[in-house]
S.K.: 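Pasting a structure below so you can have a look.
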Amino acid sequence: MSERLRITGGRVYDPRHAIDGAIRDICIEDGRVVAALPGDAPTLDAAGLVVMPGAVDIHSHVAGPKVNLARRLEPERRTVPTVPDTGRLYTLLGYTTVFDAAVPLLGARHAHLELQDTPLVDKGFYVLLGNDEFVLAALEDGSDDAVRDVLGWAVRASRAYGVKVVNPGGGAAWKAARGTPGLDDALPGRRVTPRRILTALARAADALALPHPMHLHCSNLGLAGNATTTLDTIAALEGRRVHLAHLQFHVYGGEPGGRPTSRARELSAALAAHANVSADVGQVMFGPATTMTADARVGEMLHDLTGRKWVDADLELEGGCGVVPYEYRERNVVHAMQWAAGLELLLLSPDPWRLVLSTDHPNGGTFLSYPRLLRLLMDRAYRDEQIARVHPQGLEGTALRDGLAREYSLYEVAIVTRAAPARLLGLEHKGHLGVGADADVALYAPDANLETMFTTPRHVLKAGRRVAEDGAIREETWGRTLQATPPFDPAVERALGRVLAEAGSLSLEDYVVGADEIGAAR
Amino acid sequence: MSEVRLTLRQAPSVALEAPCVRPDAFATLSEAAIARLPVEHGREVVALGEFFDVRGEHADQVRVEGDVRRVKRLGAGMIGGSLIVAGSAGRHTGAGMSGGSLVVEGDADDWTGLGMRGGRLVVHGNAAAAFCGAAPGSSRGMTGGLAFVRGSVGVRVGERLRRGVIAVGGSAGAYAGAHMVAGTLVVRGALGPGAGIGLKRGSIVAGGALELLPTFRYACRYRPGYVDLLFASLERHGFDVGAMAAGAFDRFGGDHADLGRGEILKWTAS
Amino acid sequence: MRRSTVDGQPSELDAAVAVAAGLLRAARQPLVYGLLDSTVEAQRAAVAVARRLGAILDTPASASHAGSFRAFERLGAALASRGEYRHAELAVFWACGSDASELAPRPGLARVSVDVGSARGPADADTRLALEPDQEIPALLALRAFARGRRVDAAQAGSLPVEALRSLARRLVSCGYGVVVCDADPAPARRDACRADALTALVRECHRKSRVRLSGLRRGSNPVGAENVLTWLTGFPASVRFGADGPRYGPGEFAAETLLQRGDVDAVLLVGVEPEAHLSNEAAAQLARVPCVALGAVEREGARVFLATSAFGATAGRVFRGDGVALRHAPPQSSDHPSEATVLARLAEALAS
Amino acid sequence: MTDGVPLERRGVAIRDTYAEAFGMRATRLVITAASPRWARIGADALTGFATSVIGCKVEAGVEAELGPSETPDGRPGVSVLLFAFDAAGLGQRVVERVGQTLLTCATAACFDGLPGGTERAPMGEGLRFFGDGFQSSKVIDGRRFWRVPVMEGEFLVEASVGVQRAIGGGNFLILAVDAAAALAAAEAAVDAMRRVRGVILPFPGGVVRSGSKVGARRYKKMVASTNDAYCPSLRGRVGVTSALPDGVHSTLEIVVNGLDRAAIEASLRAGIDAACRPGVVEISAGNYGGKLGKHLFPLHALFAEAAR
């Protein structure tokens with residue numbers, strides 16, 4: 001028996017199809033949008049409501065070893081929700097697809113265990129490469145084809161959706177000698193440079209035709225002067241496709257070792273000039289946060305700042321990770337600058353299809369602050385009120401001082417939270433409401449307070465099921481795990497096996513996640 | 001002067017979670033409304049009135065009678081008023097309280113005054129483990145107020161104390177004042193092993209025997225002025241400082257395994 | 001083949017599950033205890049049962065690992081997966097052995113054994129340092145003070161081997177890569193509330209100047225799995241009560257040992273554990289008086305309901321290695337009995353109906 | 001009221017005029033020490049050279065000697081009052097004076113004597129930096145104290161002091177037949193007034209001989225100059241309208257600052273009463289025609305109220 005539903009009379013925002021608030025019916029059958037339904041199909045009255053595709057989070061941290069360490073680290077404040085709550089809370093905001101941005105090969109099985117227990121949303125992750133022995137050995141001894149095959153194997157073995165590169169080569173260098181190599185510095189004891197890692201992996205991701213390009217966390221995150229690194233990185237990619245993660249953390253001016261300032265304007269211009277580059281913003285929101293990153297250097301830096309808890313972990317043959325509880329404060333000059341830099345990027349954005357929303361949950365703040373972020377973008381008066389509250393020195397030199405007037409429209413919001421992330425991810429059936437799309441839909445009641453509007457959708461549908469209504473879960477369904485299936489030459493396994501035999505504590509088979517290890521646990 | 005009196009009618013068969021017993025909350029409630037407040041008896045949520053006879057209403061003076069050793073979280077989070085437990089109280093009594101007066105006339109169980117933020121907490125008998133201690137993971141334990149125990153306390157009294165004063169008439173178990181950040185802990189009797197471990201700042205005033213950790217270093221013998229202020233305050237609140245009213249203190253600075261800006265003042269009669 | 005039993009009498013599984021569900025439902029405060037020798041799949045299923053029941057959920061780690069939980073929550077940790085230990089130039093075995101081949105004797109690895117009372121490290125260590133039990137915490141603090149560059153007064157040090165500790169601290173802060181190995185599930189006599197904290201703080205301090213990691217040895221088949229599964233499903237690694245407002249954490253408070261001693265549970269579901277190995281005599285005696293449902297490969301005497309399952313060794317599933325790496329557990333032999341996960345799923349269904 | 005009705009005590013006329021006083025801000029410090037002697041030494045040093053805001057920006061004096069039961073730390077003590085025109089200025093003076101005279105004074109400690117005051121000025125907050133990072137603080141019963149390590153041991157000083165509205169410049173004049181009679185009467189008055197709490201007599205020995213008028217005739221820069229109307233030697237000088245009756249050959253003034261009106265009234269009443277003795281012709285008061293301040297103390301009213 002097919003399940004049908006007609007959503008009637010709503011104002012539809014579907015940027016992929018250039019629908020900007022037109023009154024349309026959306027017809028759903030068996031979890032997909034269809035062109036039409038028989039007249040007797042059940043209806044959901046959406047008159048007066050805003051209808052959007054379910055939102056897609058392109059960069060979050062929701063599953064895997066470091067996320068779970070963070071949960072255990074903070075029983076007293078719980079910034080990082082449990083796995084069941086992650087699925088529920090995302091859904092209650094109208095998000096129906098979520099990607100974890102950083103899972104090491106060795107943590108893939110663990111990440112899938114958590115994804116199996118994550119209800120409601122569709123989900124997946126990007127596997128970490130670029131500081132590991134597998135890629136470094138291939139780069140040193142082999143050809144670009146070898147790197148491509150390592151990448152193909154890694155995505156298949158970990159059942160990942162894409163590939164994430166964090167501080168290319170820098171993680172390995174930090175681990176070996178706490179060094180921070182420049183783009184053309186050879187890593188300690190190696191002939192490989194960050195530039196080589198970067199370009200080879202970007203090329204490999206393209207060669208394998210992964211649906212999402214290389215997802216890159218640039219070097220020198222959080223450090224004064226890192227805007228130069230980011231600009232150099234964009235130049236080094238020579239027009240190859242790349243997605244820059246949490247761009248806000250990489251746009252700082254100032255002297256190395258000094259107080260960072262914002263160079264968001266320049267990065268915005270660079271984004272305009274490079275159509276091959278997309279990014280998510282990594283907005284900082286005031287309040288509690290938990291920093292968790294495969295960039296272990298950042299963990300150490302933040303621990304030195306806070307002097308409190310810190311999890312610092314090394315992973316054999318790969319990098320490691322750092323977890324540090326954090327708090328962003330309005331009256332802290334650096335935090336104010338970070339907050340402003342994110343808003344600058346969004347308000348100066350040359351193309352909403354290439355700069356999308358994220359808080360790098362929970363690094364810049366939790367995903368629960370998305371509605372507040374949307375209000376900041378859409379409501380200038382509210383934004384000005386907030387601007388008046390933050391440390392004034394933090395705003396010096398930022399475009400916020402110029403009185404940026406831009407207010408995002410509902411149409412643009414639908415782009416940066418839905419249509420664009422889906423397109424950047426190569427998700428053909430997400431982020432729009434055309435025929436054949438997954439019937440993931442969020443319906444909002446307009447409200448003068450846009451934070452209120454986006455905090456509690458009136459209805460959320462997942463694969464055609466009415467899963468949430470007015471802030472309560474109505475039915476707990478189970479989403480899919482999304483994975484890419486690039487080809488690779490099995491011969492690469494011999495080389496990988498050699499690396500493991502020399503320096504690992506597991507066999508190659510131990511790295512391979514089985515088909516039976518994904519999908520709903522129950 | 002009106003008062004709300006709760007008398008245990010039926011002993012709970014397993015622990016009863018009763019954080020609803022708060023004098024500040026009772027101030028605005030009728031007798032019937034108080035009796036309807038929810039408590040958790042194991043997995044069941046039942047009305048307070050199922051277990052207690054409730055007499056009185058609209059008062060922030062509350063007296064609890066009967067054997068309530070299995071009743072947990074009495075007065076937890078209270079912000080004002082007065083709560084008297086006529087006998088011994090269960091775990092987590094007065095946890096997180098930020099104001100008012102809480103008196104346990106008998107003994108107090110584990111985690112009494114956990115994360116206390118203000119007000120006055122008095123135990124006439126003994127208190128068990130983690131008196132005025134810290135919640136798991138929290139960087140700070142008690143952050144304000146005055147708490148004292150006429151009898152002895154168990155292990156880890158005043159862990160991660162941040163501000164406020166804790167006084168113990170008898171002895172203290174192991175790791176008294178562990179990881180204190182600031183504040184003052186006074187123990188008239190002997191202290192168990194590991195007193196002041198991880199002390200960052202703050203003071204432990206020790207009236208009885210104690211074995212110092214090697215990471216404390218001797219400074220001098222004197223009688224710092226604040227001690228007399230503190231003792232005068234304690235006496236005003238009804239805590240007897242005994243022989244420490246005179247004499248001097250040996251000051252040991254530490255814990256040098258940590259920040260090391262705290263002190264242990266060890267009393268000496270001379 | 002072993003049969004499930006009800007009151008000692010053989011029973012079909014479904015009938016026994018129905019009796020178990022009735023027994024647990026009738027309890028005012030049930031306890032689900034164990035999960036130590038269980039696969040991740042069984043651990044998940046046990047959480048689901050506990051959640052449905054409104055039970056308290058606990059594992060033996062609440063007693064054996066309490067100090068480590070506390071230290072992690074206060075300070076965090078400096079960890080490494082086992083393969084990393086091959087970089088080690090210095091291994092300090094703190095009153096324990098090691099089963100990691102990466103820390104076996106080899107050129108370039110200096111191995112130090114710190115022996116505390118009768119708790120001794122590897123017999124073939126290069127250097128040994130002997131401490132009395134009451135010197136253990138003072139020694140850890142002195143090491144940390146030395147690592148910070150502080151002095152220790154002879155008057156307070158008493159009989160501590162100050163020079164040996166100073167020398168060890170120097171080695172820890174100057175090595176290229178060091179591993180401190182400790183017993184993270186110590187026997188009851190060695191459960192000091194502050195030992196893990198002092199070890200963690202020491203490693204953190206040394207790590208400012210060198211690279212040092214703490215490796216805690218675990219006991220049981222899948223203790224790290226239990227912590228991980230409980231954490232991602234409830235937010236907490238053990239001692240969780242499913243109350244009216246969701247899962248609540250109560251280390252000590254919701255630990256099986258004290259719950260039993262205080263008579264605060266009136267039914268127990270045992271999964272993947274031999275409780276007597278982890279409980280005091282007093283608590284075990286109370287356990288014997290409480291209606292009990294036990295899953296396992298070996299019938300439990302005195303249990304009202306025994307649900308026969310495959311042994312851990314014969315159950316396919318996933319487990320976590322001691323260093324936190326998830327692995328597939330592929331048993332050499334298979335079992336005719338259903339797995340714990342399967343039986344728990346049936347129990348959850350029976351509770352729902 | 002007793003308008004127009006002559007009033008006299010023990011044969012001394014009390015002129016029907018008023019003492020004119022002005023609003024100030026005041027604080028009270030409680031100084032304790034190992035002995036009454038050292039408490040007094042500290043208090044005398046702290047209140048030294050603090051007679052008039054005209055020349056030293058603060059007026060201060062000893063209020064009372066305190067027994068151990070009256071002090072926060074149970075040691076012998078002295079309470080002093082300090083007066084200035086505003087809270088900020090008062091706070092600066094407190095920090096300067098406590099730093100110079102009590103931080104340095106053997107065994108002394110210094111506490112806020114107005115702990116209920118909602119308006120606050122920093123004391124230990126400013127002085128703690130002498131501790132060079134070795135200082136520490138304690139909060140006891142909601143009050144914060146700084147412990148500043150010193151060579152002797154520790155200097156204990158409360159973090160802040162309460163500040164309240166107060167009145168400065170309450171006064172009366174003793175018009176006597178000669179200088180000896182004026183001085184004897186003034187001494188008697190001071191002894192009586194010092195028994196009243198809440199007031200200080202900031203001038204040397206509690207007495208001021210150089211009563212002043214507001215401004216000057218000849219020197220425009222002077223804010224105050226000699227009170228020529230009461231100078232016996234200027235009687236009959238061109239330009240002087242003497243206020244002295246015949247037979248008066250010497251005048252002394254008593255100035256009193258108080259925490260409130262009632263304290264000043266009690267103090268004036270006690271002082272005038274004691275000053276009414278042989279050799280004194282008349283009691284008058286410094287009346288500036290309302291130019292000085294808004295607080296007026298009619299002398300006759302003091303005694304009318306006492307009679308009630």
Side-chain angles (χ1 to χ4, degrees), chain B residues 12-17 19 38-46 69-70 72-73 90-92 109-111 114 128-130 133-139 155-156 159-160 173-175 178-179 193-194 196-199 211-219 252-260, chain C residues 25 27-30 53-56 69-70 72-75 134-135 137-148 150-158 160 162 165 192-194 197-198 201-202 205 236 239 241-245 248-254 258-259 262-266:
Chain B
S13 63
V14 293
L16 189 74
E17 303 266 352
V39 293
E40 288 179 60
H41 186 218
R43 51 198 287 218
E44 288 176 339
V45 178
V46 297
R69 285 175 298 176
R70 259 195 172 149
K72 302 191 331 190
R73 295 188 162 77
R91 287 170 155 185
H92 281 108
D109 210 333
D110 303 333
W111 305 297
L114 183 88
S138 175
S139 62
V155 297
R156 295 199 314 280
E159 185 171 2
R160 291 174 240 172
Y175 299 126
H179 308 117
I197 188 171
L199 191 62
E211 205 158 299
L212 280 157
L213 289 166
T215 42
F216 281 82
R217 301 181 62 191
Y218 182 70
F252 296 87
D255 177 347
H256 288 290
D258 210 296
L259 184 63
Chain C
R25 250 197 310 242
R28 221 175 275 283
Q29 184 58 78
L53 268 176
I56 292 172
F69 284 147
R70 181 192 304 276
F72 186 88
E73 288 156 3
R74 192 176 86 83
L75 295 170
D134 63 357
Q135 291 180 319
I137 300 298
L140 284 167
L141 294 175
L143 278 169
R144 180 149 60 107
F146 289 137
R148 284 181 86 97
R150 305 270 177 100
R151 287 191 293 126
V152 168
D153 285 350
Q156 263 73 252
L160 267 189
V162 171
L165 293 169
D192 185 292
C194 285
D197 190 286
L202 170 63
E205 188 61 48
F236 311 112
S239 306
R241 174 174 179 269
F242 290 97
D245 53 352
R248 185 168 337 126
Y249 187 37
E253 185 180 14
F254 304 133
T258 60
L259 290 168
R262 288 170 173 249
D264 276 339
V265 292
D266 55 0

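What you see is a predicted model; the values in this text were computed from it and never measured. Excluded from the calculations below are hydrogen atoms, water molecules and symmetry mates; all remaining heavy atoms, backbone and side chain alike, are included.
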S.K.: I want to know whether C:Phe236 and C:Tyr249 have ring centres closer than 6.0 Å.
M.R.: yes
S.K.: Taking every non-hydrogen pair under 4.5 Å, which of C:Gln156, C:Glu205, C:Glu73 racks up the most with chain B?
M.R.: C:Gln156
S.K.: Do you know which of C:Ala157, C:Pro251, C:Ala198 has the most heavy-atom pairs with chain B at a distance under 4.5 angstrom?
M.R.: C:Pro251
S.K.: Which one wins on heavy-atom pair count under 4.5 Å against chain B: C:Asp266, C:Leu143, C:Leu160, C:Asp197?
M.R.: C:Asp197
S.K.: With distance as the sole test, does B:Arg156 use its side chain to make a donor-acceptor pair with the main-chain N or O of B:Gly173 at under 3.5 Å?
M.R.: no
S.K.: Do you know which of B:Tyr218, B:Phe216, B:Tyr175, B:Phe252 has the most heavy-atom pairs under 4.5 Å to chain C?
M.R.: B:Tyr175
S.K.: Find the one option among B:Val155, B:Asp109, B:Val45 whose heavy-atom pairs under 4.5 Å with chain C are most numerous.
M.R.: B:Asp109
S.K.: Tell me which of these, B:His256, B:Lys72, B:Glu211, has more heavy-atom pairs under 4.5 Å with chain C than the rest.
M.R.: B:His256
S.K.: Less than 4.5 Å to any heavy atom of chain C: does that hold for the side chain of B:Ser13, its backbone, both, or neither?
M.R.: both
S.K.: Using a cut-off of under 4.5 Å for heavy-atom pairs, which of B:Arg69, B:Arg160, B:Arg70, B:His92 has the most such pairs with chain C?
M.R.: B:Arg70
S.K.: List the steps, then state whether side-chain contact (heavy atoms from CB on, under 4.5 Å) holds for C:Thr258 with B:Arg91.
M.R.: CA-CA 12 Å; C:Thr258 60; B:Arg91 287 170 155 185; 3.8 Å; yes
S.K.: Identify which part of C:Leu140 has an atom lying under 4.5 Å from any heavy atom of chain B, answering side chain, backbone, both or neither.
M.R.: neither
S.K.: With distance as the sole criterion, is a donor-acceptor pair present between the side chains of B:His179 and C:Arg74 under 3.5 Å?
M.R.: yes
S.K.: If I take atom CZ from residue B:Arg217 and atom CZ from residue C:Arg151, how far apart are they, to the nearest 0.5 angstrom?
M.R.: 4.0 Å
S.K.: Let me know if B:Pro193 has heavy atoms under 4.5 Å from chain C in its side chain, its backbone, both or neither.
M.R.: neither
S.K.: Heavy-atom pairs under 4.5 Å with chain C are the metric here; pick the option from B:Ala134, B:Gly137, B:Gly254 that has the most.
M.R.: B:Gly137
S.K.: Salt-bridged, C:Arg262 to B:Asp110, with N to O below 4.0 Å?
M.R.: yes
S.K.: Pick from C:Ala193, C:Ala27, C:Ala139: which one has the most heavy-atom pairs with chain B under 4.5 Å?
M.R.: C:Ala27
S.K.: Would the distance check show the side chain of B:Glu40 and the main-chain N or O of C:Ala244 forming a donor-acceptor pair, the cut-off being under 3.5 Å?
M.R.: yes
S.K.: Hey, is the main chain of B:Ala257 close enough, under 3.5 Å, to the side chain of B:Asp255 for a donor-acceptor pair?
M.R.: yes
S.K.: Roughly how far, to the nearest 0.5 Å, is the CD1 atom of B:Ile197 from the CG atom of C:Leu141?
M.R.: 4.5 Å
S.K.: Let me know if C:Val162 has heavy atoms under 4.5 Å from chain B in its side chain, its backbone, both or neither.
M.R.: neither
S.K.: Give, as side chain, backbone, both or neither, the part of C:Arg150 having an atom under 4.5 angstrom from any heavy atom of chain B.
M.R.: side chain
